[in-house]
Number of protein chains: 2
Amino acid sequence: MTAPLRVLIVDDDDLMRAGLRAVLSSDETIQVVDEAADGAQAVTRVREARPDVVLMDVRMPRLDGIAATREITATASQARILILTTFEDEDYIFGALHAGASGFLLKRTRPEQLIAAIHAVAEGDSLLSPSVTRTVIERMARSPQPDPAGGRRLRSLTPREREVLELVARGLANAEIAATLVVEESTVKTHLKRIMAKLELRDRVQAVILAYETGLVRPGEAPVRGVPRP
Amino acid sequence: MTAPLRVLIVDDDDLMRAGLRAVLSSDETIQVVDEAADGAQAVTRVREARPDVVLMDVRMPRLDGIAATREITATASQARILILTTFEDEDYIFGALHAGASGFLLKRTRPEQLIAAIHAVAEGDSLLSPSVTRTVIERMARSPQPDPAGGRRLRSLTPREREVLELVARGLANAEIAATLVVEESTVKTHLKRIMAKLELRDRVQAVILAYETGLVRPGEAPVRGVPRP
DNA sequence: CCGGGCGTACCCCCGGAGGGGTAGCCGGAC
DNA sequence: GTCCGGCTACCCCTCCGGGGGTACGCCCGG
């Protein structure tokens, strides 16, 4: 048997922390190494106690569980974070998952399942409460993106043309694209003319839109070029 | 006790269908009402047999399970669809979820869990195999979207300016925006000037990018205006 | 009552974008 | 060998987009 899993409990409610500690101490494969009463404490305690798994509440003073999760996963910490909350709020769920949480459980989860979940996330697995799973799936179903039909349109472009289109969608002017690809601006213009003709676009703006709609570029991939220089 | 759950088995492999039928028939709360050997059959059988739950394979001739799922959920069918496949392919997973599947299980799932899963999806819950959950969560963590920081930038715009920005991001030319808002084009230009000054953007292309990056508009929301008219 | 934000509207000016057409060069297909 | 697709590169010309500045009515808040 390996060493017990090191767990950090984060919750602003004293009773809840005590309860969790009691539940977890019944399992000899788990060792509660420390507690924190808010997100800010959690961040420092993680650094000090180096837990394997963090049980994280969401609603807390000072720094909420989502922000704390973001902090912790942003640092090189190996700690896996398991959100444990009463509220099945959509913003919480997606906020936590984007922040890098490995799981999202509701506090109504039964003790045995909580223990199983801690082991699961420690192993690298992820898990969600069933109703949370449902919410996540519904969101995915609602926002279908990488439009396969649009992708088909893009396939009529040559590799070079796709490359130009992508740079257009990054906000570059023709001269900048030319510099990037090390060709003349006139060449870029020629490519662009063909692109717009093939895709039946009116101007580069519609080209940018198509690039986003087809998933050629995606939100979050490209920092908006801050070039206020005219 | 209510009537047994009506289940349709869809798999191109005869043995697999037989096996599933055997497993499910051991449970008296489940009634296998029909089978289909490919996606096209599945679509028609769903119409005829009106199952509560469809166990759907992915890799099949004629019409694959993803496409069949899309067909079925697109119609008014109440059938809930549970994907059951050997392959943990990312495209399969996200394709299926976008197509409206209620769950995604691997064929290595144990019989009891499969039966439990069928009941769960029939109840309206959703569920994923643990490793699939992991994949889904990782994808969410990788693509954080409705950028809250970007949203903050947008808040410096007046309502009217946001409205103009959105139309710009839909690919409209200034004159078209003017017509849409029933104002003069010169007014649109004035708004646009202020927008670009406030957000430190160089041209409307960067405005479109910012609109997508901040979630003011999202892929899939706006059909690309097909206006090849010059 | 008066300042200021907002929405509206114009002016002049010019540079980049986009339409149309032409052309050389290269590599692979036939 | 020949032909075609892809990449490169120009020319000319038009016009929309964007910079800078001004202005006026409206409504809200101090």
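These numbers come from the heavy atoms of this one structure, side chains and all, not from hydrogens, waters or symmetry mates. The sequence lines fix the lettering, A, B, ..., with proteins before strands; numbering per chain opens at 1.
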- Mapping A/A173 and B/K193 onto DNA chain C by nearest heavy atom, which one lands closer to the 5' end?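 Looking at the nearest nucleotide for each, B/K193 comes out on the 5' side.
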Let me check something: any side-chain donor-acceptor pairs from residues 162-169 of chain B under 3.5 Å, sequence neighbours excluded? List them with distances.
residue : atom : partner : partner atom : Å
B/R162  : NH1  : B/L154  : O            : 3.1
B/R162  : NH1  : B/L157  : O            : 3.0
B/E163  : OE1  : B/R160  : NH1          : 3.3
B/E163  : OE2  : B/R160  : NH1          : 3.4
B/E166  : OE2  : B/R170  : NH2          : 3.0

In whole Å, I'd like the distance from the [atom1] atom of [X] to the [atom2] atom of [N].
X	N	atom1	atom2	answer
A/L201	C/dG19	CG	P	10 Å
A/R155	D/dG6	CZ	C1'	19 Å
A/L172	C/dG16	CG	P	15 Å
B/L192	C/dC10	CG	C1'	17 Å
A/I177	C/dG16	CD1	P	14 Å
B/L157	C/dG7	CG	P	10 Å
A/L165	D/dC7	CG	C1'	17 Å
A/I195	C/dA17	CD1	C1'	14 Å

Indicate whether OP1 or OP2 belonging to [N] is found under 4.0 Å from a side-chain N or O atom of [X].
X	N	result
A/H191	D/dC7	no
A/N174	C/dG16	no
B/R204	D/dG18	yes

- Note on the structure: Heavy-atom closest pair (B/S131 atom, A/D125 atom, distance to 0.1 Å) is CA-OD1, 4.4 Å
- Task: Walk me through it: do A/D12 and A/R62 pass the test salt bridge (charged side-chain N to carboxylate O under 4.0 Å, His left out)?
- Result: CA-CA 10 Å; A/D12 62 328; A/R62 299 224 288 162; over 6 Å; no
- Proximal nucleotide (of C/dG18, C/dG7, D/dG19) relative to the A/M196 side chain: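 So the nucleotide nearest the side chain must be C/dG18.
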- Message: What's the closest nucleotide to the side chain of B/D203 if the choices are C/dA17, D/dG17, D/dG18?
- Response: D/dG18
- Message: Exactly one of A/R45, A/Q41, A/R47 should register a side chain to side chain contact (heavy atoms under 4.5 Å, CB included) with A/V43. Which one does?
- Response: A/R47
- Query: Looking at DNA chain C, which of residues 178-190 of chain A put a heavy atom within less than 4.0 Å of it?
  - Reply: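 Only A/E185, A/K189 qualify.
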- Quick check: are there more than 12 heavy atoms from other residues, nucleotides or ligands sitting under 6.0 Å from CZ of B/R50? no
- Full working for side chain to side chain contact (heavy atoms under 4.5 Å, CB included) between A/I177 and A/V188: CA-CA 7 Å; A/I177 296 173; A/V188 174; 3.9 Å; yes
- Task: Before giving the answer on salt bridge (charged side-chain N to carboxylate O under 4.0 Å, His left out), spell out for A/E123 and B/R134 the whole-Å C-alpha distance, their side-chain angles and the decisive distance to 0.1 Å.
- Result: CA-CA 11 Å; A/E123 300 290 332; B/R134 179 155 181 255; over 6 Å; no
